[in-house]
Amino acid sequence: MSSLLKPSISIVIPVHNGGSNFRRCLESIAAALPPPQETIVVADGDTDGSWHVAKEFGALVLRTPTPGGPARARNMGAHRAKSDILFFVDADVTIPQDAVSRVAAAFQYDPDLAAVFGSYDEEPFQTNFLSQYKNLFHHYVHQTAREEASTFWGACGGIRREVFFAMSGFDEWYRRPSIEDIELGSRLKKAGYKIRLLKGLQVKHLKRWTISSLLKADFFCRALPWTSLIIKEGRFINDLNLKISNRLSVISVYMLLLTSCGALYIPWLFAAVVFFILMLIALNLNLYRFFHHKRGLKFAIKTIPWHWFYFFYSGMAFAIGFGKYRIMKSGSS
C-alpha cells in the first residue's frame, strides 16, 4: 500500500450481552469524524437483543447461536470486513471522535506498521473506587509503556487486513475474554511485524468493576493464561505489566508477608518488614504519585493495599502456572 493513500477502516465489535454500555459504544462510533467505512457487530450468543441495537445504528450484524468468545467473534467480523484496516473495539468502550482518523493516519504515514493499539483514558465512566482504580491503573501502564510495542490490545486495536489473515487471526482456543489479543501480539512480534502503542488514542471504559469481577478477570482470565504464554514463549518482556520493577514488587510482597509472620516470633525481623514496605513504595512511587495527582491523597493511599494484593495474586498465578508446566513436562518425559 502506498504511504500516500489513506487506508479505509472497518470497525469490528464483538458483543455478548452489551446492555446500555453497548448503545453508548455505538453512539460514539456514530459520532466519529470521519466515520469508518463500515461497522460490523458480531452478536456472540446474545440474549438481550444487542444485535437489534446494532441494527438500529446501521451496523452489519452477524450472529452466533451460542457464545464462543471474542476471539471467534472478531475473526468472524474480520472475514466479512472489506477495508484495509480492521479496527477492533470492545462493546464496553466509547471511542473519541477522532479515533478513526488517528488509526488511519498511523497506517497512512508508516507503511511498515502492522498494528496499533491505544489505552483507556483517565476519566473512567464508573465512579466507584475499584472502577476508578482499575481503569486508571490500566491507563498508567499503557501511557508509561514503550511506543514500539510487543503486544496487541483488542479493546482498541487496529491491524492491517493482510497481516491479520497472514497470522490466522485470533486464537479461538480462548473461549472467553482472556489474553487472545496478547497472544496475537506475541505472534505478530515473533513474526517480525511492527506494532505501535498510540498513546494519544484513548477510549473510555464503561465497565463497572467489583471485587469478584476484578479477581476473576485478573487472576483466572489474564494472569494464569498469560503465565502459560510466557512459559511457552520462554521470554519476559521488560514492558507494560512485566517490567522489572513489577517483578521485584511481586518478590517484595511475598518477602513482606514472610518477614511479617517471622517478626511475630523474631523481633529483629521487624526491620526487614519496614525495608520491604519502603521497597514497595519506592518501586511504585511514580504510580502512587499519578493516583495522587488524578484523584487526591486519600484515593492514592487507598490504592496501595489493592496494588500490593495485585502483586500477590499475580505472583500466585505465576507459581501455579509454572508448577503446572513442570508437572506436565515431567509427566511427558
Side-chain angles (χ1 to χ4, degrees), residues 8-97 99-100 103 117-118 120 124-126 131 135 152-159 161 164-165 168-181 183-184 203-210 213 216-217 221:
S8 54
I9 305 284
S10 291
I11 289 184
V12 178
I13 311 170
V15 62
H16 176 50
N17 288 327
S20 58
N21 285 342
F22 180 47
R23 180 176 289 277
R24 294 186 181 96
C25 170
L26 293 171
E27 287 172 346
S28 72
I29 291 170
L33 290 175
Q37 272 60 47
E38 60 182 350
T39 299
I40 300 173
V41 171
V42 182
D44 185 31
D46 68 315
T47 57
D48 70 343
S50 290
W51 71 273
H52 187 69
V53 177
K55 284 280 188 185
E56 287 181 30
F57 283 83
L60 170 63
V61 178
L62 309 176
R63 299 187 69 190
T64 64
T66 55
R72 185 185 72 173
R74 292 190 189 111
N75 287 346
M76 284 181 62
H79 279 282
R80 291 293 295 272
K82 299 173 183 173
S83 300
D84 304 312
I85 306 299
L86 306 172
F87 183 16
F88 297 103
V89 174
D90 273 357
D92 62 355
V93 305
T94 58
I95 65 171
Q97 198 172 47
V100 172
V103 172
F117 62 94
Y120 291 140
F125 180 73
Q126 300 291 345
S131 298
N135 288 308
F152 186 64
W153 190 43
C156 172
I159 183 171
R161 177 188 172 84
F164 183 79
F165 288 112
S168 302
F170 291 97
D171 186 344
E172 297 183 13
W173 180 83
Y174 297 97
R175 302 279 294 173
R176 57 185 180 180
S178 182
I179 62 159
E180 70 281 351
D181 46 1
E183 193 275 340
L184 174 59
V203 296
K204 186 177 298 297
H205 199 197
L206 307 175
K207 180 171 181 172
R208 180 180 176 83
W209 287 101
T210 62
S213 65
K216 180 182 176 183
C221 299

- Task: Tell me whether the guanidinium CZ or amine NZ of K55 lies under 6.0 angstrom from the six-membered ring centre of W51 and within 45° of its axis.
- Result: no

- Going by the side chain to side chain contact (heavy atoms under 4.5 Å, CB included) test, name the single residue among V41, N17, T64, V15 that passes it with D46. N17

- From I159 atom CD1 to L86 atom CG, the distance as rounded to the nearest 0.5 Å: 7.0 Å

- Query: Are the side chains of D48 and V53 in touch, meaning some heavy atoms are under 4.5 Å apart?
  - Reply: no

- Report yes if the side chains of H79 and F165 come closer than 4.5 Å at any heavy-atom pair, otherwise no. yes

- Message: Does any part of the side chain of R24, heavy atoms only, come nearer than 4.5 Å to the side chain of S20, both counted from C-beta?
- Response: yes

- Query: Atom NZ of K204 and atom CZ of F125: how far apart are they, to the nearest 0.5 Å?
  - Reply: 8.5 Å

- Whether T66 side chain and G45 backbone form a donor-acceptor pair below 3.5 Å: no

- Message: Looking only at the side chains, is there a donor atom on one of R72 and N75 sitting less than 3.5 Å from an acceptor on the other?
- Response: no

- Query: Is there a donor-acceptor pair closer than 3.5 Å between any side-chain N or O of Q97 and the backbone N or O of A31?
  - Reply: yes

- Correct closest heavy-atom pair for F57 and A30 would be CD2-CB, 4.3 Å

Which side-chain N or O atoms in residues 89-96 pair as donor and acceptor under 3.5 Å with protein atoms at least two apart or in another chain?
from: D90; atom 1: OD1; to: R74; atom 2: NH2; distance (Å): 3.1
from: D92; atom 1: OD2; to: H205; atom 2: NE2; distance (Å): 3.1

- Task: Locate the shortest heavy-atom distance separating R175 from P67; write the atom from each residue and the value.
- Result: NH2-O, 4.2 Å

- Query: For E38, what residues pass the side-chain contact (heavy atoms from CB on, under 4.5 Å) criterion, not counting sequence neighbours?
  - Reply: S10, I40, A81, K82, S83

- Query: Rounded to the nearest 0.5 Å, how far apart are CD1 of I29 and CD1 of I13?
  - Reply: 3.5 Å

- Item | Distance, nearest 0.5 Å, that separates CZ of F170 from OG of S178 | 12.5 Å

- Message: Checking the side chain of D84 only, and the main-chain atoms of S8 only, is there a donor and an acceptor separated by less than 3.5 Å?
- Response: yes

- Where is the tightest heavy-atom contact between A73 and P14, given as atom of each residue plus distance? CB-CB, 3.6 Å

- To the nearest 0.5 Å, what is the distance between CZ (F87) and CD1 (I85)? 11.0 Å

- Note on the structure: Y120 and A155 have their tightest heavy-atom pair at OH-CB, 4.3 Å

- Applying the ring pair (Phe, Tyr, Trp, His ring centres under 6.0 Å) test to F88, which of W153, F164, F117 qualifies? F164

- What's the shortest heavy-atom distance between G77 and V12, and which atoms? CA-CG1, 3.9 Å

- Which distance, rounded to the nearest 0.5 Å, do you find between the CZ of R23 and the OG of S50? 10.0 Å

- Is any side-chain heavy atom of P36 less than 4.5 Å from a side-chain heavy atom of V100? yes

